[in-house]
A.B. asks: 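Sending over a structure as C-alpha cells; questions will come in a sec.
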Amino acid sequence: MTLRDDSTFRFVLAGYLKHLDHGFAIPCFVSGNTWYLANCSPRGDHGGVISSFEPFDSDEMIHLPVDMCRPVGVGDRWVDVFLWREAVHVGTAAELWGKLDRQRGAIEQEAPLSLLDLGTAVQTIDCRPLARRVFTALRTRFGEQKATHWRNETYLRGRLIKRLCGILGPSAESNPIKTKLQLINVKSLLDDTIVVEMPNSLFADLEASSLIVALRAHVKQDASAFGTRDAIIVPGNAHNQAEWPATNFPRQLELFLPHAESYAREDFVRGKPNAAAVAVVERWPDWPGHAVILVGPEGAGKSHLAAIWAELSGARRISARALGGTNLLGTLATGALVVEDAPAQLDERALFHLLNLMREEEAFLLITSRTEPVSWNVALPDLMSRLRAIPTFALGPPDDALLRALLIKLFADRQLAVDEILIGYLATRIERSFAAARSVVETLDREALRLKRPVTRALAAQMLSRPGRGLDGTEQGLLL
Amino acid sequence: VTSEFKGIRRRRPGTLPKHELRRSGQSARSPHIPDLVHITAVGAAREIIEAGQIEARRCRIFGTDLVYFFVARPAYRLRDGDTKSDQISRFPFVFVISPNNLDAPYHVYPFDTGAGVAGVYGDRADPHVYLEDYALESNLAGAVAHMAWAFDSAEAYFDGDLRAGLHSTLQPWESVSKGFLTIAQLAATGHNQPDKRASAIEVAYRTHIPLRGNVGLVILPKQYLENGTATNAELLERLRQLEITWDTYDWQPNESPDYFLSEITRLVRRYLRSREQI
C-alpha cells in the first residue's frame, strides 16, 4: 500500500463516511480518481495535523457539496466533518466550535459526548464543566455504574493515554509499549479517589524519569471536573494503600521554595498566538467598548497581560469569585478594573451591576477567563447579551517560537540561566502547551536542586530518558 | 513450488488430509473453552441486532453458508498488503458469544482460513501443506486441545504467545505442525507487526446464530450512548430486550484502526477475565 506523505501532493476533502447521523464522521479525500482516508498526528487528536493518506473505498461514502470541499495536504491542520440535524459542517475543531455556536445548547442535550470530543480539541475551552454534564447525563440515563465506567475507563483513561503517547513520542507505537498502555486501568475508590494502575515496568520507567508527579497532576485536574477527592498513580502490583509509592507526592526532604513569577512588561513573552491580545492591551485607552475579555488556557499569560494593563491603566484587580461581596463602585475608583478568572463562582447580578456602573462611570474593564463567555452558562439574559457585546481576544497555544521563548522566561523566573541547546532539546520533546512548559521547567528545577547539579541538557536528557534503555527496552530511550 | 504461490492451497478432491494437528491436540485436554468473538462493521451490526441473529453467509472458500468466529481473540483484518482500508477497521462492532448452547461447528481451524488462502501469511505457509491438513477436530474440544498444546494457557492463547520450545518437540516429518508454528509466530506479541489472525482459532457454523441466550456482550462506539437519534435508543433498547450487556470504546474519526483493535482487545480481555475464562 502506498501512503502519500509527499507534502506537495494535494488532496481534496470531498466526502465523508458516517456511522451515526450526528457528531463526527470520517472525512474522505480525493486525489485523481482515488479516494483516501487521512491519518492524524497525534492520533485521535482533533487539534492535530494530517500525517499521511491511505487508499480507501466504500459504497457508503457521501459526497460533500462543492462549496464545502477543501484542499488539504500532509502537515495541514486536521479537518473534521461534523453532522448535526441534517446539516454538514466542515472545519478544524476551533472553526466547528464557532460555527456550531447556536446549536451547541441542543448538541449538549442530545449528543454531549460528541460535543465534549469537539470541545477538548479547542485549546481555549475548559471542558471540565462539559465533562461533568456528560457524566450527569449518562448517570441519569444508564445509572451510576455506567456513568462511572465512562468517567474512569473512557474519559480519564483516554486523556491519560493521549498524554502518555505525547510523552513517549514514536516509541508509543511500538508493540511492547502498546501492550503496556493497554494494561493501564483507571478505577475509583469508595472515598472517590481516582486510582490509575500501571504495569510495574511502565510505572518504574516513568518514576525514574520523574514524570509520575506531573502525570498525577494532570489526572487530578481532569478528575476535578467530577468533584473527585484525589488521584494517584500506582504500579499494578500495589494491591493496597500501604503499598502505594510515595512518588506521587512531593519529596519530604526537598526544600523546594515557591518562586516569584515576573509580571513585568518586558518579561511578557510575545508571539503570534498572543499577538491580538497584546495589541489590544497596548492600544488602551483606545477601546471603543471600554471592556475586553482575554481568553486562554492556564499559563497562557492572561494574568501577566492583565498585570501589564493594570500597570498601564492604574486598574485595581479582583477575582471574579469575590465580586459578590465587594463594594463595586469602590473597585472602579481608579477608572479601570481587572476581573480575573471568570466565571469561577461568578455572582451574575454583581457582574451585571458592575457592567452598568462601568458604563455610567466611563470606566474600563478587563476580564480574564479560560473559556469564552458563551460557555459560562450565564442565566441572566441581559448579562449574557452584555457579555456577547464585549470583544474577546484569545491567547492561543504556543507555536514553536513562543514555546522556546516561554521556556527561557520560565527558567529566568527561577533565576536559572540556561543555554539554547537545552531550550532546543526541550522544545522538540515536550507537548506544545503552556502547562507542559511549566511542568518541565518545574521538574528540572526540582531535580537540579535535589541532585545539586546545574540545569543542563545532560540533566534534562538524564531525566527524560534512561540511558541505554527506553520504556520499550530498546536503545532509543524515553522521550518527553 | 512455483513463484506464483501466495496463499495456502486447497487439497485436490479425493485426497486425504493429514490432520496432524488433531493428533497433536489429543495429548492435552482442558475442560473449558472461552467465549467466541465475532467482529463486524457497525452498519452490519445494526442489521444483525435488528434480525436478532448472526446469519450464515455464503463462503467462497468452502462453498457453503457459514458464520465465522474466533475463540476469545478479537482479530480482524487491519490491512492486507496492498488492499484498501475497510469499514470494519474504522467502525468495529464486537459480539462476544458463549458457544455452550450452539450445535457442533462445521469446522475448526487454528488460524483465519480466509487470510491464509488470500496469502496474508505470505511465503511462511508451507506450500506442501494444504488448507485441510490444518483442520482441527470439528468440535469445541478440538479447539481447547489445540489451545492447550500450542499455548499452555488461555491467556497466552489470547495474546498469541506460543508455548516456548514447542518447535523442538516436533519430529522432522511433522510438516503440518511446523507449518502451523511458522504461521502462528506472526501473531506473537514480540512480532514486529503481529497479525492476531495467524493463530486465532477459527470456528465456523453452518446455521444462523441467535443473539438471545448466546451473546453475552457487545462492544460498540461510545457515541451510541447519546440520544442523538431515535435509532440509537432503539438499538440499546433492543439489546436490553435481548438481555445483552454492552461496553463502549472511544471512537474518534482520526484514530488509527490499530488503536480500535487495541481498545477492543483490552475490553474483551477484561470481560473474559471477569468470567475467569482467561
Side-chain angles (χ1 to χ4, degrees), chain A residues 1-2 16-17 19-27 34-41 43-46 48 50 54-58 60 78 80-81 107 109-115 117 134 137-138 141-142 146 149-150 153-155 157-158 161 173-176 178-179 181-185, chain B residues 41-43 45-46 79-87 89-93 159 161 188-194 220-233 235-236 240 245-267 269-270:
Chain A
M1 180 175 55
T2 305
Y16 62 92
L17 198 62
H19 75 105
L20 289 173
D21 56 6
H22 72 273
F24 288 115
I26 292 186
T34 308
W35 284 91
Y36 295 84
L37 297 182
N39 295 311
C40 185
S41 178
R43 276 182 13 230
D45 183 349
H46 296 267
I50 295 171
E54 63 182 66
F56 178 75
D57 198 12
S58 170
E60 296 172 30
W78 179 265
D80 272 305
V81 176
I107 300 173
Q109 289 296 316
E110 296 175 41
L113 287 155
S114 296
L115 188 64
D117 284 340
V134 170
L138 292 178
R141 191 158 172 223
F142 300 112
K146 287 284 187 194
H149 180 80
W150 167 82
E153 286 288 315
T154 305
Y155 183 71
R157 183 178 180 280
I161 296 284
E173 297 301 317
S174 69
N175 287 317
K178 277 197 285 194
T179 304
L181 295 179
Q182 217 184 74
L183 295 174
I184 291 177
N185 282 319
Chain B
V42 164
R46 276 188 183 278
R79 289 186 203 102
D80 294 344
D82 293 331
T83 57
K84 295 178 176 179
S85 187
D86 67 7
Q87 298 266 24
S89 65
R90 296 285 170 166
F91 299 132
F93 194 113
D159 289 328
D161 293 333
T189 308
H191 192 272
N192 200 23
Q193 286 186 305
L220 62 167
K222 70 176 182 190
Q223 282 79 357
Y224 274 74
L225 304 185
E226 296 178 328
N227 284 332
T229 60
T231 51
N232 273 356
L235 185 129
L236 292 178
R240 195 190 63 76
T245 58
W246 46 262
D247 202 346
T248 58
Y249 64 90
D250 186 11
W251 184 85
Q252 299 293 340
N254 49 3
E255 266 297 359
S256 65
D258 212 19
Y259 170 80
F260 295 134
L261 184 56
S262 172
E263 270 301 282
I264 283 167
T265 300
R266 184 176 73 86
L267 298 174
R269 182 196 300 273
R270 188 174 59 194

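As the structure is a computational prediction, the values presented were derived from the model and not from experiment. So that the names make sense, note that chain A is the first sequence line, chain B the second, and so on, each numbered from 1.
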A.B. asks: Tell me which of these, Gly43(B), Pro221(B), Ser262(B), has more heavy-atom pairs under 4.5 Å with chain A than the rest.
C.D. replies: Ser262(B)
A.B. asks: Between chain B and each of Gly158(A), Ala38(A), Ser58(A), Gly23(A), count heavy-atom pairs under 4.5 Å; write down the option with the most.
C.D. replies: Ser58(A)
A.B. asks: For the residue pair Glu263(B) and Ile161(A), establish whether any side-chain heavy-atom pair is separated by less than 4.5 Å.
C.D. replies: no
A.B. asks: Run the salt bridge (charged side-chain N to carboxylate O under 4.0 Å, His left out) test against Glu255(B) and tell me which residues pass, sequence neighbours left out.
C.D. replies: Arg43(A)
A.B. asks: Checking heavy atoms, do the side chain of Asp45(A), its backbone, both or neither come under 4.5 Å from chain B?
C.D. replies: backbone
A.B. asks: Is it true that Thr265(B) and Gln182(A) share a donor-acceptor pair across their side chains at a distance under 3.5 Å?
C.D. replies: no
A.B. asks: With a 4.5 angstrom heavy-atom cut-off, which part of Thr179(A) approaches chain B: side chain, backbone, both or neither?
C.D. replies: side chain
A.B. asks: Whether Arg90(B) and Glu60(A) form a salt bridge (side-chain N of Lys/Arg under 4.0 Å from carboxylate O of Asp/Glu) is what I want to check.
C.D. replies: no
A.B. asks: Working to the nearest 0.5 Å, report the span between CH2 of Trp251(B) and CG of Asp117(A).
C.D. replies: 9.5 Å
A.B. asks: If you compare all heavy atoms of Pro253(B) against all heavy atoms of Ala25(A), which two are closest, and at what distance to 0.1 Å?
C.D. replies: CB-O, 3.3 Å
A.B. asks: What part of His149(A) gets within 4.5 angstrom of chain B, counting heavy atoms only: side chain, backbone, both, or neither?
C.D. replies: side chain
A.B. asks: Taking all non-hydrogen atoms of both residues, which atom of Ser114(A) and which atom of Gln223(B) are closest, and how far apart?
C.D. replies: OG-CG, 4.0 Å
A.B. asks: Side chain, backbone, both or neither: which part of Ile26(A) has a heavy atom under 4.5 Å from chain B?
C.D. replies: both
A.B. asks: Between Glu153(A) and chain B, which part of the residue has a heavy atom less than 4.5 Å away: side chain, backbone, both or neither?
C.D. replies: both
A.B. asks: Whether the side chain of Gln252(B) engages the backbone of Gly44(A) through a donor-acceptor N/O pair (distance < 3.5 Å, no angle test) should be reported.
C.D. replies: no
A.B. asks: Rounded to the nearest 0.5 Å, what separation is found between the CG atom of Asn185(A) and the CZ atom of Arg266(B)?
C.D. replies: 7.0 Å
A.B. asks: Given that the side chain runs from C-beta out, which part of Leu17(A) has a heavy atom under 4.5 Å from chain B: side chain, backbone, both or neither?
C.D. replies: both
A.B. asks: Residues in side chain to side chain contact (heavy atoms under 4.5 Å, CB included) with Thr248(B), at least two apart?
C.D. replies: Thr154(A), Leu220(B), Lys222(B), Leu225(B), Trp246(B)
A.B. asks: Below 4.5 Å from any heavy atom of chain B, which atoms of Tyr16(A) appear? Answer side chain, backbone, both or neither.
C.D. replies: neither
